[in-house]
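One structure is given here, and the rest of the page talks about it.
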Amino acid sequence: MAESFLSIIAETLLKNFISPTIKQTISLLNASDLKRLEETMTYIKAVLLDAEKLQKHNQILRLSLTKLRGVFYDAEDVLDEFRCDALRKELKTVRFSFISIPFAYSLRMGHKIKKINERLETIATDFKRFNLGENVQILQNRPYVVQSHRDTYSFMTFKVLGRDQDKENIMDLLVQPRGVETMTVIPIVGIGGLGKTTLAQLVYNDERVSRSFPLKLWVCVSEFFDVARLLCEIIFNINHERCDGLPVNALLTLLQSLIEGKFFLLILDDVWNEDRVKWDELKAILMKLDYLRQSKIIVTTRSLAVASIMGTQSPYELEALSHEDSLSLLLKWAFNQGDEERYPNLLPIADEIVKKCKGVPLAVRTMGSLLYGKTHQRDWELIRDNHIWKLDQQETGILAALKLKDDVCCEDIGLQYFKDLWSKGFVQDVEDKVAFYYFKIHDLIHDLALNVSHEECLTIYQQTISASKNVRHLAFAEHYPMRTLQPFLKKLKGVRTIVALTPSTQFREVEKTFLSACISYFKYLRLIELDHCTLKALPKSICTPKHLKYLNLSRCYNLKRVPKSIHKLQSLLTLRLFDLPRFQVSDNLRRLINLRFLEISGDDMQLREVRPGNWSSLRFLYFYQCTTLKCLFEGMENLTSLKDLTFKYCYELESLPRSLKFLVKLEDIFIISCPKINLLMEPQGIEDQNLHLGLKNFIIRDAPSLRDLPRLLLEASASHLEFIELRGCPELEALPNWFQNLISLQRLEIIDCPKLPRLFDRVQHLTFLKQLKIQQCPTLNDKYRPQTGTDWSKISHIQEVHIKEQKIIKWR
């Protein structure tokens, strides 16, 4: 069943509230409040879908959901405060040894949780008035889980590998006669993800079982072990009619009439109950059925205690898959049949990934599905080398595999959402700029977004005199005077976003005092957008919002520096200092250790070195009009997460450092209008000969001094490099023959490189090359002219060729 947006938020909040960090911070003083919150959130999450369906016809319910959204925002603020304070404590611990959690802080944060809980309980009471989720059970031993959180079934949905012998072993147990006056219960025991349910399905669907047992029954038990529910499920298996609400005696009578003296096989899947009394109650009822002693029961469970309580013989303990079967399973899920033979370079990596999964089929399948459609070696290496494997201290790799899937999905989810919207026509006029996209949204989609968000988003005009307390995101209209903060705005306690809307051709006047007031009154700011503003200096308070994640000061042409305490913004993920011609790039920027996206510009580069740990999370680094930058700062090898590196209008930049060879996650290098740059970078020594990098895109434009290309970086990325563009390089006299080693190259564009006499040797051997574009290169234009050029035959295999004004596309 699809989850609602609020339901997803509820689950995320619940996970965070029961995390060890929160529990440790509030200590035992507020443990009961945390337990109550856990139970209340579990209930609310379980009934949210019902509530959202019914709200259209019920104004009170709709108001309750609006309140709930507000509580969720406030709860997120509390959690974010925990996270920020934990990070600051961690940094202080590194510098000043261990620092304990103050008693007063624990008490204060515990009080905030108590207030959140009281509001949630009020909403939960409202929900109960509407009989939402009447069947929801709040389980004390596993409070996170509600009834029937997992549903299993008897039919097979995929071919199973490596369990044939296990199936035969269970079949042997089924045919063994019983010599005592009791039922036969065969427990299958194993850790989560090992394939207990799959093995039970294999047995259930075997033809020999169908011949031996005229009646086959399958019940997914899960955590909620209730005798009446289980009897109802068994009856539903037989007559496909619901009988919920009948007393147990009536259920037994109905079941006896349906069994009619038949032998049966009953699968009780995913049993958690360790209460012997509950099992004895069900067992006593089942013993009253005819031919029970000739019938058999199979139980699947993770718990040896469950097996001991229910089993009439030693449990069948399921073992891990063999390495060979695990590898076959991974390849089956990662490729369409036979496709793995086209990528022999991926097989050794697959072998290593399988070892990390430790024979757990669910872990192997998860990794296979995660890798499906990915044929670049770099993608496989990132999975293999991910740090999450090291965090799993369990005996199996299943937790790491599932966390890794979440981690990778989180990284890609924004792009996936965008592509989904694109495919459905919600965005239009999309331009792929390699590292990013330009696009527009249709007016109707814009109107829909406004309608959905009107409670939380507000544009302030000069005539605006009031605002709902639910507003979280403020935009100030183009002609609104941003000098003083109006009294009605000071009453808004939950504002997260302030945006100064500015015409593209004008500058926006923003007073320093206005910004100070916003920071003072809006304690939970996440985003500040001040593009094209006239600010000459920032208030010192700009460094105080502990929740701030995004700060844009681009094109504030009068701005010369940020405060020295900028490093206190430890939550900051994005910092945009784009097109600031007189800006001083302070050394303190390197202490923003959580930055993911950084644009910098200016004429005073004071940043000389990045030390280990400083920018280890940085993924996007853009140098724009850094007019005094001759070479990059020391310590580039410490930017271990960097994916995109861009230079534009850096007029003094002469070279790139060899330390880039240590950036194994680097995918894109763009160099535009850097007139002094040359990229001579040859491999040196054995270490460089065995280098493996992951560059996918390399673009250099308007580089009049370029004579050499960085062999060290490009050839080491041969298995990944897809796109090369060389444009405006009048001194480039040859393409090196090592270009023939770039076996993954798909697009090559050569524009305005007049001294190039020819392409590299063996260009015809680059079988992945699909697009070749040559323009403003007189000799190349003649030599490779379609059909008539002397070397046309060397490129005629390429699917799309664009030479001068001629464009040839071969449809395949």
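Without hydrogens or angle criteria, T646 side chain to Y622 main chain gives no donor-acceptor distance under 3.5 Å. Of the possible donor and acceptor atoms, none in the side chain of W615 sits under 3.5 Å from a partner among the backbone N and O of S641. At distances below 3.5 Å, at least one donor-acceptor pair connects side-chain atoms of R658 with backbone N or O atoms of E682. In this structure, N678 contributes its side chain and R707 its backbone to a donor-acceptor pair below 3.5 Å. Looking only at distances, no side-chain donor or acceptor of R596 sits under 3.5 Å from a matching main-chain atom of F620. Panel note: side chain Q740, backbone N737; a donor-acceptor pair is recorded below 3.5 Å. Between the side chain of N638 and the backbone N or O of V610 there is at least one donor-acceptor pair closer than 3.5 Å. A distance-only check finds no donor-acceptor pair linking the side chain of T574 to the backbone of Y550 [under 3.5 Å]. Using a distance-only test at 3.5 Å, with no hydrogens or angles considered, no donor-acceptor pair links the side chain of S554 to the main chain of D579. In terms of modelled atom types and a separation under 3.5 Å, the side chain of Y784 and the main chain of L759 share a donor-acceptor contact.
I803 contributes atom CD1, which lies 9.0 Å from atom SG of C777 (distance to the nearest 0.5 angstrom). Between the SG atom in C729 and the CD1 atom in I751 there is a gap of 10.5 Å [rounded to 0.5 Å]. Summarising the geometry, atom OG belonging to S744 is positioned 12.0 Å from atom CG belonging to L695; distances are rounded to the nearest 0.5 Å. Rounding to the nearest 0.5 Å places CD1 of I699 at 6.0 Å from CG of N697. Of the inter-residue distances, the one linking L660 atom CG with L693 atom CG reads 9.0 Å to the nearest 0.5 angstrom.
Looking at F760 and L766, their side chains come closer than 4.5 Å, going by heavy atoms from C-beta outward. In this structure the side chain of V354 never reaches within 4.5 angstrom of the side chain of D351, judged on heavy atoms. Contact of the P778 side chain with the P754 side chain is registered, since non-hydrogen atoms from C-beta on lie closer than 4.5 Å.
Relative to the six-membered ring of F723, R747 meets both conditions, a distance below 6.0 Å and an angle of at most 45° to the axis.
When each of Y624, F623, F578 is paired with Y649, the ring-ring contact (aromatic ring centres under 6.0 Å, His included) condition holds for Y624 and for no other.
Between W380 and F335, the distance from one ring center to the other falls under 6.0 angstrom. For F670 and F647, the gap between ring centers reaches or exceeds 6.0 Å.
R384 and E352 are joined by a salt bridge, as a carboxylate oxygen and a charged side-chain nitrogen come within less than 4.0 angstrom of each other. A salt bridge links K440 with D429: at least one charged nitrogen is closer than 4.0 Å to a carboxylate oxygen.
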Checklist entry - Is there a side-chain hydrogen bond (donor to acceptor under 3.5 Å, both in side chains) between N741 and E715 once you walk through the steps? => result CA-CA 7 Å; N741 300 326; E715 194 171 27; 2.6 Å; yes
Next on the checklist: Run H720 and E381 through side chain to side chain contact (heavy atoms under 4.5 Å, CB included) and show every step you take.
Outcome noted: CA-CA 11 Å; H720 308 282; E381 289 171 343; 3.8 Å; yes
Next on the checklist: One pair to check against side-chain hydrogen bond (donor to acceptor under 3.5 Å, both in side chains): T497 and H473. What are the steps and the verdict?
Outcome noted: CA-CA 5 Å; T497 301; H473 311 285; 2.8 Å; yes
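Between F418 and F439, the ring-plane angle classifies as tilted under the 30° and 60° cut-offs.
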